[in-house]
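A short write-up of the structure that comes next.
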Amino acid sequence: MRTIRQVYWSFLLLLSAAWWLSEPTDATALTHVFAWRAVLLQYTGVLAIGVMALALVLAVRPVVFEPWLGGLDKMYRLHKWLGITALGASLAHWLLAVVPSQLVGLGWVRRQAVSTSLLRTDLPALEWLQQALRGQRGMAVVVGEWAFYLAVLMMLLALVRTFPYRYFFKVHRLLAAAFLALAWHALVLLRVDYWAGVLGLPLALLVLAGGIAAVRVLLRRVAAGRKAVGEVAAITRHEAVHTLELAIDIKGRWAGHQAGQFAFVTFHPEEGAHPFTIATPWAGDGRIGFLVKALGDYTRTLERRLRVGSVVQVEGPYGQFTFEGARERQIWVGGGIGIAPFVARMKALAQAPDGKTIDLFHATADYDAHAIALLERDARAAGVRLHVLWDARDGLLDARRIAAAVPRWREADVWFCGPAAFGQALRRDLLALGLPAEQFHQELFQMR
């Protein structure tokens with residue numbers, strides 16, 4: 001989380017600084033509200049189009065950024081923050097454009113003339129560009145306004161967690177079309193001086209990258225090279241914990257994966273792709289497994305809709321939850337279905353031990369004796385010390401119980417996968433007890 005916070009704030013500060021250094025307005029000309037409005041319209045426009053462009057680049061799932069940002073789950077969190085920022089900057093831009101004119105129309109405010117130095121370029125070499133764009137300004141305003149309304153609606157729907165995912169993934173695609181319209185709006189209405197200043201090149205590259213990403217989204221080419229067709233080879237039902245164990249045979253090309261990574265699986269095209277942790281290591285035989293818990297409206301239907309032989313699409317692998325680290329001791333915490341990456345890692349360690357001392361804590365609200373027996377078998381084969389805590393029998397797992405059970409726990413890397421609130425509380429309490437922040441690793445398994 002610290003890395004993506006740093007990237008987020010650094011991006012906003014650098015974009016703002018580039019705008020400030022490129023803004024030619026003399027501060028002495030900012031003598032009234034309408035002069036400030038002209039400048040702030042430009043700034044909010046630059047900020048909105050810049051963050052939207054980066055958000056779209058992240059939306060096409062560029063794996064090249066995963067090592068730098070900590071995995072696709074962290075990239076999607078950054079994507080969400082950028083989307084919220086774009087929403088705020090766009091609203092501010094719209095209010096600056098609309099409210100003063102409305103107040104003038106109501107007679108509450110007197111319009112004041114804005115110096116022409118705020119509106120025209122002082123660079124003769126760019127006069128031709130300003131002349132070429134002048135005739136498009138009216139249309140750019142209209143197109144930008146309607147694209148703004150569409151973008152705001154899509155961004156608000158993205159923040160409504162109760163909006164069904166099967167509709168969300170379809171309508172969210174319209175943001176790409178809105179971005180292309182808003183990019184044209186920005187190119188026409190931004191001061192042409194900016195293109196010759198510090199802002200010009202980075203903004204041009206951002207808009208170009210965002211435009212390419214938008215086209216890929218509209219053409220449904222997101223991660224096209226990382227998709228493979230698979231067939232459900234086996235289904236095991238763990239009734240007590242409401243979980244399906246699926247074995248899928250990949251029929252197309254699959255680059256392999258590390259234990260702990262996840263993939264997007266499309267079981268039914270109308271429902272879209274959902275992320276699931278891969279619960280088996282890669283053996284090179286084309287088979288991968290998933291544990292799917294009935295947590296939502298859609299996953300509750302899979303038990304009756306999936307059959308052996310069902311054709312699915314698998315996209316990936318993604319993620320940096322791969323148990324890497326130099327420390328000789330590790331503590332794993334799997335809450336509920338969050339046990340999946342640890343199952344995969346234990347199966348991998350049974351084949352190729354890494355010599356680390358590992359304690360696995362599995363906290364569960366539901367108890368399935370058969371599933372626990374399988375977990376115990378995998379732990380023995382991997383040389384992992386297993387701690388199973390059934391809430392009704394053992395109470396809730398917390399940081400103090402982990403510290404009491406594991407010698408030299410402050411020297412361990414802690415890997416957590418499970419409910420987000422549980423992970424946040426555990427991280428906060430372990431850090432309060434003395435665990436260095438960089439030793440806590442958590443999957444942020446929320447993609448919207």
Side-chain angles (χ1 to χ4, degrees), residues 1-6 66-75 77 257-262 277-282 317-364 375 378-389 397-446:
M1 288 290 286
R2 182 171 61 180
T3 298
I4 59 173
R5 285 195 188 96
Q6 291 173 345
E66 280 203 286
W68 302 98
L69 297 177
L72 186 65
D73 57 314
K74 311 300 191 299
M75 289 162 57
R77 182 62 58 90
H257 60 270
Q258 293 178 267
Q261 291 190 297
F262 68 92
T277 298
I278 303 171
T280 55
W282 179 242
Y318 296 107
Q320 297 288 299
F321 196 84
T322 51
F323 306 96
E324 295 176 357
R327 293 177 181 81
E328 293 302 314
R329 180 179 290 277
Q330 292 188 346
I331 298 171
W332 301 348
V333 183
I337 197 60
I339 196 64
F342 306 113
V343 171
R345 181 59 176 168
M346 287 191 294
K347 292 181 183 297
L349 288 176
Q351 301 298 319
D354 64 1
K356 295 184 185 299
T357 301
I358 301 168
D359 285 83
L360 167 59
F361 292 83
H362 176 46
T364 180
L375 195 62
D378 289 338
R380 284 194 300 271
V384 170
R385 185 182 175 204
L386 177 64
H387 311 257
V388 176
L389 290 95
L397 177 64
D398 58 21
R400 293 191 179 278
R401 294 186 74 162
I402 292 174
V406 181
R408 297 164 56 190
W409 61 273
R410 289 185 181 87
E411 302 171 15
D413 276 319
V414 179
W415 295 83
F416 174 88
C417 186
F422 179 22
Q424 292 165 5
L426 192 61
R427 181 182 187 276
R428 180 191 65 237
D429 293 345
L430 284 173
L431 266 55
L433 291 174
L435 183 77
E438 65 274 11
Q439 291 173 216
F440 191 92
H441 311 272
Q442 180 177 0
E443 192 93 87
L444 303 177
F445 227 60
Q446 295 177 338

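Note that the numbering runs from 1 along the sequence shown for the chain. What you see below is based on every heavy atom in this structure, not just the backbone, and it leaves out hydrogens, waters and symmetry mates.
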Is the shortest heavy-atom distance from the side chain of Leu389 to the side chain of Arg401 under 4.5 Å?
yes
Glu443 CD to Asp73 CG distance, which is reported to the nearest 0.5 Å
4.5 Å
Minimum side-chain heavy-atom gap Leu375-His362 below 4.5 Å:
yes
Could you tell me if the side chain of Thr364 sits less than 4.5 Å from the side chain of Ile339, heavy atoms only?
no
For the student: nearest non-hydrogen atoms of Lys356 and Asp354, plus distance:
N-OD1, 3.0 Å
State the CD-CG distance between Glu411 and Leu435, to the nearest 0.5 angstrom.
11.0 Å
Report yes if some heavy atom in the side chain of Gln320 is under 4.5 Å from a heavy atom in the side chain of Glu66; otherwise report no.
yes
Heavy atoms of Thr277 and Gly260 approach each other most closely as CG2-O, 4.4 Å
Spacing of CH2 belonging to Trp68 relative to CE belonging to Met75, to within rounding of 0.5 Å
13.5 Å
Answer whether the closest heavy-atom distance between the side chains of Leu360 and Met346 falls below 4.5 Å.
yes
Identify the heavy atoms of Leu69 and Thr3 that sit nearest to each other, and give their distance.
CA-CG2, 4.3 Å
Rounded distance [0.5 Å steps], OG1 in Thr322 versus CD in Gln261
6.5 Å
Residues which pass ring-ring contact (aromatic ring centres under 6.0 Å, His included) with Phe323, listed by chain and number, not counting sequence neighbours:
Phe321, Trp332, Phe342, Trp415
Where is the tightest heavy-atom contact between Phe440 and Gly423, given as atom of each residue plus distance?
CZ-O, 3.8 Å
Asp359 side chain near Trp409 side chain, heavy-atom distance below 4.5 Å
no
Nearest atoms (heavy-atom pairs only) where Ile278 meets Pro317
CD1-CB, 4.4 Å
Sub-3.5 Å donor-acceptor pair from the side chain of Gln439 to the main-chain atoms of Arg410, do we have one?
yes
Between atom CG of Leu444 and atom CD1 of Ile4, what is the distance when rounded to the nearest 0.5 Å?
6.5 Å
Only one of Glu328, Gln330, Arg329 clears side-chain contact (heavy atoms from CB on, under 4.5 Å) with Ile358; which?
Gln330
Nearest atoms (heavy-atom pairs only) where Gly335 meets Pro419
O-CD, 3.6 Å
Looking at Asp429 and Arg400, is any side-chain nitrogen of the basic one under 4.0 Å from a carboxylate oxygen of the acidic one?
no
Strictly distance-based, threshold 3.5 Å: is any side-chain N or O of Arg385 a donor or acceptor partner for the main-chain N or O of Val406?
no
Rounded at 0.5 Å granularity, tell me how far CD in Gln442 sits from CZ in Phe416.
5.5 Å
